[in-house]
Amino acid sequence: MFAMMNDLIQAAAKQQYAVLAINCFNLETARAAIQAAEQQRAPLILNVYQGHSTHFPPAVAVPLVQALAKDATVPIALALDHGKAFPLIGQAFRAGFTGLMIDASADPLAENIRQTAAVVKMAHTAGVCVEGELGHIADAPTYELADASVKMTQVADVLPFIEQTDIDLLAISVGTAHGLYPAGVKPKIDFQRLQELHAVSTRPLALHGGSGTSAEDIRRVSQHGVAKINVGAAVFDAGKNAVEQALKQHPHAELADLLGLMESACREVVIEYLSWSGSAGKA
């Protein structure tokens with residue numbers, strides 16, 4: 001079923017598990033994630049990253065996901081990930097996304113608040129979930145703990161941000177990073193900071209950069225207010241590797257067959273992360 005993102009977030013926060021938000025950009029990646037969620041009996045958020053919106057625009061993403069969700073036996077929400085362009089955020093809202101992320105975290109706090117509040121004002125007229133961000137998520141390919149630490153969310157900013165924006169969900173930076181880490185590198189989550197953020201926040205928290213994060217840490221963060229975990233890079237990498245390996249063995253393979261292999265590989269990674277998140281069996 002096609003679901004409101006707020007409903008999934010509130011249920012997860014209440015029961016202390018994390019809903020996975022899986023990035024998708026076409027039929028195969030969306031269907032892979034939904035099939036994984038059905039297998040695990042887990043609620044699911046499908047994320048469309050702003051950078052993929054040219055390939056997978058809101059007017060295409062919404063009917064496609066709604067059609068898949070209609071036949072699904074678990075709740076499926078659809079969210080815009082790291083929205084920075086107001087025209088695109090408006091398009092996603094009008095098309096029927098049930099979650100919108102406004103990422104103005106690179107701006108000074110006052111400007112972040114102004115932009116985020118404007119999106120909330122629009123979105124809440126239709127009950128659409130709004131996620132804002134404080135701090136900045138590091139980049140996994142060049143990950144260094146010292147750099148990640150500088151970019152972490154400041155505890156003192158949390159209450160003013162929430163009170164002046166009325167967001168539904170707060171994306172935080174506590175040591176994870178976007179993308180894939182170099183071999184042998186693992187993110188180090190600052191659980192002390194996470195506990196402090198959870199203690200002051202009146203909203204559920206979102207953790208970005210779930211790819212490459214250990215199973216133990218993914219299980220643990222939901223005990224400290226994290227109700228949503230984003231995973232994208234690990235899923236896409238599995239799909240890409242499946243296609244690369246297939247082409248090495250069968251260079252004349254049909255495109256449809258390659259896409260099927262990609263979808264299967266993506267599905268298996270989503271299943272793995274779902275099993276760690278605590279959301280399995282919650283739908």
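Treat the numbers as computed from the prediction; the structure is a model and nothing was measured. Just so it is clear, the values below take in all heavy atoms, side chains as well, and ignore hydrogens, waters and symmetry mates.
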For this session: Start with the C-alpha gap between E196 and Q192, add the side-chain angles, then the distance that decides, and say whether side chain to side chain donor-acceptor pair (under 3.5 Å) holds.
Result: CA-CA 6 Å; E196 292 172 0; Q192 178 62 40; 3.0 Å; yes
Exercise. Passes side chain to side chain contact (heavy atoms under 4.5 Å, CB included), R193 versus Q154? Steps please.
Worked result: CA-CA 9 Å; R193 186 181 297 260; Q154 299 301 307; 3.8 Å; yes
For this session: Test side chain to side chain contact (heavy atoms under 4.5 Å, CB included) on V174 and F191 and set out the steps.
Result: CA-CA 8 Å; V174 289; F191 278 96; over 6 Å; no
Problem set entry | Test log, rule side chain to side chain contact (heavy atoms under 4.5 Å, CB included), inputs L27 and L68 | CA-CA 9 Å; L27 168 64; L68 293 174; 4.2 Å; yes
For this session: Given side chain to side chain contact (heavy atoms under 4.5 Å, CB included), test T125 with F93 step by step and report yes or no.
Result: CA-CA 10 Å; T125 62; F93 172 71; 3.7 Å; yes
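Distance check, rounded to the nearest 0.5 Å: CD of E163 to OG1 of T165 gives 9.5 Å. In this structure, L159 CG and Q164 CD are separated by 10.5 Å, a value rounded to the nearest 0.5 Å. In this structure, CD in Q40 is found 13.0 Å from NZ in K282, a value given to the nearest 0.5 Å. Going from atom SG of C266 over to atom CD1 of I22 covers 10.0 Å, rounded to the nearest 0.5 Å. If you take CG on L259 and CG on N26, they are separated by 7.5 Å, rounding to the nearest 0.5 Å. If you take CG on D166 and NE2 on H124, they are separated by 5.5 Å, rounding to the nearest 0.5 Å.
The closest donor-acceptor contact from the side chain of T176 to the backbone of G210 lies at 3.5 Å or more, if one exists at all. The main-chain N or O of Y49 is never found under 3.5 Å from a side-chain atom of N47 such that the two would form a donor-acceptor pair. Without hydrogens or angle criteria, R203 side chain to I167 main chain gives a donor-acceptor distance under 3.5 Å. A donor-acceptor pair is defined here as one N or O able to donate and one able to accept, closer than 3.5 Å; no such pair exists between the side chain of S264 and the backbone of L261. Put simply, the side chain of E131 never gets that close to the backbone of G99: no donor and acceptor are under 3.5 Å apart. Although no hydrogens or angles enter the test, the distance criterion places no donor-acceptor pair under 3.5 Å between the side chain of Q115 and the main chain of I102. A side-chain donor-acceptor contact under 3.5 Å links T29 to the backbone of F25. Using modelled atom types, one side-chain atom of S211 and one backbone atom of A234 make a donor-acceptor pair closer than 3.5 Å. The closest donor-acceptor contact from the side chain of R41 to the backbone of T73 lies under 3.5 Å. At distances below 3.5 Å, not a single donor-acceptor pair connects side-chain atoms of D107 with backbone N or O atoms of N112.
By the neighbour-count criterion of 12 heavy atoms within 6.0 Å, atom CD of E216 is sparsely surrounded, having that number or fewer from other residues, nucleotides or ligands.
Between Q50 and M101 there is no side-chain heavy-atom pair separated by less than 4.5 Å. Inter-residue side-chain proximity for L205 and L207 is flagged as unmet; no heavy-atom pair is nearer than 4.5 Å. M5 places a side-chain heavy atom less than 4.5 Å from the side chain of L169. Residues K228 and H208 have side chains in contact (heavy-atom distance under 4.5 Å, counting atoms from C-beta outward). Taking the side chain as every heavy atom from C-beta outward, C129 and M4 never approach each other to under 4.5 Å. Inter-residue side-chain proximity for V19 and Y17 is flagged as met; some heavy-atom pair is nearer than 4.5 Å. With contacts defined as side-chain heavy-atom distances shorter than 4.5 Å, the pair M122/L100 qualifies. Looking at T213 and V231, their side chains never come closer than 4.5 Å, going by heavy atoms from C-beta outward.
What you find for L258 and A246 is that their closest heavy atoms are CD2-CB, 3.7 Å. Nearest heavy-atom pair, A238 versus V269, reported as atom, atom and distance to 0.1 Å: CB-CG2, 3.4 Å. Taking all atoms of both residues into account, the shortest heavy-atom contact from A77 to T98 is CB-OG1, 3.6 Å. Heavy-atom minimum distance, T153 versus S173: OG1-N, 2.7 Å. Annotation for S277 and L20: closest pair CB-CD2, 3.9 Å, computed over non-hydrogen atoms. Looking at every heavy atom in both residues, I45 comes nearest to L8 through CG1-CD1, 4.1 Å.
Using modelled atom types, one finds no donor on one side chain facing an acceptor on the other under 3.5 Å when comparing Q245 with Q249.
Hydrophobic clustering (side-chain heavy atoms under 4.5 Å, transitive across Ile, Leu, Val, Met, Phe, Trp, Tyr) groups L80 together with V60. Cluster annotation: V120 and I9 are assigned to distinct hydrophobic clusters (Ile/Leu/Val/Met/Phe/Trp/Tyr, side-chain heavy-atom contacts under 4.5 Å, transitive). Hydrophobic clustering, with ILVMFWY side chains joined whenever heavy atoms are under 4.5 angstrom apart, groups L88 together with F86. Placement of L109 and V200 within a single hydrophobic cluster is found when ILVMFWY residues are connected by side-chain heavy-atom separations under 4.5 Å, directly or transitively. Transitive grouping of hydrophobic side chains (ILVMFWY, heavy atoms separated by less than 4.5 Å) brings L64 and L44 into a common cluster.
Taking N23 as the reference, D81 meet the side-chain hydrogen bond (donor to acceptor under 3.5 Å, both in side chains) condition, with sequence neighbours excluded.
Here the two rings, on H52 and F236, have centers that are under 6.0 Å apart.
Taking 4.0 Å as the cut-off between side-chain N and carboxylate O, E111 and R114 count as a salt-bridged pair.
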